[in-house]
Amino acid sequence: MKKQTTKPASPDTFHTRAVRLIQRIPKGKVVTYGQVATLAGEPRGARQVVRILNSSWKTEKLPWHRVINRNGQISLPPGGGYELQKSLLEKENVVFGPDDTIDLGRFLWKPRK
DNA sequence: GGCGTGACGTCAG
DNA sequence: ACTGACGCCACGC
């Protein structure tokens with residue numbers, strides 16, 4: 001059996017598990033990169049979550065707008081989707097603070113352990 | 001094929 | 001409390 005040069009489509013890859021979690025985000029809730037990464041098995045793999053969003057957002061149709069940073073703020077730069085994400089979240093009853101911060105204590109999605 | 005970058009987060013000083 | 005550096009890994013050049 002020869003070794004597969006390309007990455008096998010393992011059902012338990014970080015990529016796949018992260019996608020599953022993101023797709024499970026209920027409406028009106030948000031999750032942080034670190035949270036997704038941690039739940040997927042990589043406490044330090046927040047950057048990989050970013051990579052997944054950029055890559056699988058089209059193919060997997062992920063609710064990328066429900067993923068924010070640890071500060072409860074939108075990381076996207078203005079003109080790069082920031083306004084779009086904020087708009088989408090507000091449509092889901094997500095409230096932004098005076099600093100464009102989201103109250104994670106109320107809107108952070110806590111998956112059933 | 002190697003180096004740098006990136007929608008971040010955590011650790012150390 | 002704040003700043004700086006590192007880490008994780010895939011993709012681009």
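Just so you know, these numbers use all the heavy atoms, side chains as well, and skip hydrogens, waters and symmetry mates. Each chain gets a letter, A, B and so on, in the order the sequences are listed, and its residues count up from 1.
Considering only side-chain atoms of A:Glu42, the nucleotide from C:dC8, B:dA7, B:dG9 that sits closest is C:dC8.
The CG-P distance, from A:Leu39 to B:dC8, rounds to 19 Å in whole Å. Atoms CD1 (A:Ile102) and P (B:dA7) sit 18 Å apart, rounded to a whole Å. Atom NZ in A:Lys58 sits about 14 Å away from atom P in B:dA7, given to the nearest Å. Distance, A:Ile68 CD1 to B:dG9 P: 9 Å, rounded to whole Å. The distance between atom CZ of A:Arg47 and atom P of C:dA5, rounded to the nearest whole Å, is 15 Å. As rounded to whole Å, 13 Å separates atom C1' of B:dC8 from atom CD1 of A:Ile52. Put simply, CZ on A:Arg44 is 8 Å from P on B:dA12, counting in whole angstrom units. The CG atom of A:Leu84 sits 13 Å away from the C1' atom of B:dA7 (whole-angstrom rounding).
A 3.5 Å limit on both hydrogen-bonding distances identifies C:dG4 as the Watson-Crick or G-U partner of B:dC11. Under the Watson-Crick or G-U wobble criterion, with both distances below 3.5 Å, B:dG1 has no partner in any strand shown.
A:Arg51 contributes a side-chain N or O that forms a donor-acceptor pair with the base of B:dG6 under 3.5 Å. A donor-acceptor contact under 3.5 Å links the side chain of A:Asn54 to the base of B:dA7.
Taking a 6.0 Å sphere around CH2 of A:Trp109, one finds it holds more than 12 heavy atoms contributed by other residues, nucleotides or ligands.
Note: the hydrophobic cluster containing A:Leu39 does not contain A:Phe14 (ILVMFWY, side chain heavy atoms under 4.5 Å, direct or indirect links).
When the options A:Ile68, A:Val31, A:Val30, A:Leu89 are evaluated for a side-chain contact (heavy atoms from CB on, under 4.5 Å) with A:Phe107, the one that passes is A:Val30.
Spacing of C1' atoms, C:dT3 relative to B:dA7, comes out at 22 Å, to the nearest Å.
Taking 4.0 Å as the cut-off between side-chain N and carboxylate O, A:Arg66 and A:Glu92 count as a salt-bridged pair.
Between A:Val67 and A:Thr38, the residue whose closest nucleotide on DNA chain B is further toward the 5' end is A:Val67.
Here the CD-CD distance, from A:Glu90 to A:Gln85, works out to 11.0 Å after rounding to the nearest 0.5 Å.
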